[in-house]
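Sequence lines set the chain letters: A, B, ... in the order given, protein chains first and strands last, and positions in each chain run from 1.
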Amino acid sequence: MLRRQYGEHLMAEVYHLVRQVPTGKVVSYGQVGEWMVPPLPALLVGKIMYHAPEEVPWWRVVGKAGDLLIAKRDPRLAALQRQLLQQEGVRFREDGRVDMASCRWQPFEEER
DNA sequence: AACTTGACGTGAC
DNA sequence: AGTCACGCCAAGT
């Protein structure tokens, strides 16, 4: 785990974590925040993701329930996100949400 | 320096 | 399943 830092470093840390997410997997904003010490509120993770650089796989970060939360602010971006995820093999459910049960990435804990 | 605003999450209806 | 209130706290105004 990494130590909490502020400003550019805080953002850089979030981006660093998001880059660890493997192709075909997704994580929630809250998860990313929990990996930091001390934890960073999910809301801030989202805020930081808005400014994500090119090399950061921002599309692999979704709401905990599998929602593409960018949709309400930028529907076009949400469409792109869905396209990118599907290209990676991420499955979507009937209700349009990501199938978290099979695609959620859990690096630091085992399923029970 | 006070106030508002989020690519969120949870619990209560 | 869909609101709604509220907590979170860094940043912007």
TODO: Provide, to the nearest angstrom, the distance between the NZ atom belonging to A:Lys47 and the P atom belonging to C:dC9.
DONE: 14 Å
TODO: Could I get the full list of side-chain contact (heavy atoms from CB on, under 4.5 Å) partners for A:Gln86, not counting sequence neighbours?
DONE: A:Arg82, A:Phe92
TODO: Counting heavy atoms from C-beta on, name the nucleotide in B:dG9, C:dA1, C:dA10 closest to the side chain of A:Arg97.
DONE: C:dA1
Open item on the list: Could you tell me how far apart A:Asp67 (CG) and C:dG2 (C1') are, to the nearest whole angstrom?
Closed with: 12 Å
Open item on the list: For a quick test of reading the model: is some side-chain N or O of A:Ser28 closer than 4.0 Å to OP1 or OP2 of B:dC8?
Closed with: no
Open item on the list: Just to be sure I understand: a Watson-Crick pair is purine N1 to pyrimidine N3 plus N6-O4 or O6-N4, both under 3.5 Å. Using that and G-U wobbles, which stems of three or more pairs involve DNA chain B?
Closed with: B:2-6 with C:9-13, B:8-13 with C:2-7
TODO: May I have the distance from A:Ile48 (atom CD1) to C:dC8 (atom P), rounded to whole angstrom?
DONE: 18 Å
Open item on the list: Measure CG/A:Leu43 against P/C:dA10 and give the value in whole Å, please.
Closed with: 12 Å
Open item on the list: Of the options B:dA7, C:dA10, B:dG9, whose atoms approach the side-chain atoms of A:Lys64 most closely?
Closed with: B:dG9
TODO: Take the protein atom CG of A:Leu40 and the nucleotide atom P of B:dA7, then report the distance between them rounded to whole Å.
DONE: 14 Å
- [ ] May I have the distance from A:Arg104 (atom CZ) to B:dG9 (atom C1'), rounded to whole angstrom?
- [x] 13 Å
Task: Closest non-hydrogen atom pair, A:Arg60 against A:Val21 - done: NH1-O, 2.9 Å
Open item on the list: Whole angstroms only, please: what is the NE2-P distance between A:His51 and C:dA10?
Closed with: 15 Å
- [ ] Would you kindly give the CE-to-C1' distance between A:Met100 and B:dC8, to the nearest whole Å?
- [x] 13 Å
TODO: Measure from the side-chain N and O atoms of A:Glu88 to the backbone N and O of A:Thr23, and report whether any donor-acceptor pair falls under 3.5 Å.
DONE: no
Open item on the list: Give me the atom names and distance for the closest heavy-atom approach of A:Val62 to A:Asp67.
Closed with: CB-O, 3.5 Å
Open item on the list: On a heavy-atom basis, which atom in A:Val32 and which in A:Leu17 lie closest, and how many Å separate them?
Closed with: O-CD1, 3.9 Å
Task: Residue pair A:Pro57 / A:Val18: nearest heavy atoms and the distance that separates them - done: CG-O, 3.4 Å
TODO: Taking A:Lys25 for its side chain and A:Val90 for its backbone only, find out whether a donor-acceptor pair lies under 3.5 Å.
DONE: no
Open item on the list: If you only use heavy atoms from C-beta on, which nucleotide in C:dC9, B:dA7, B:dG9 is closest to the side chain of A:Leu44?
Closed with: C:dC9
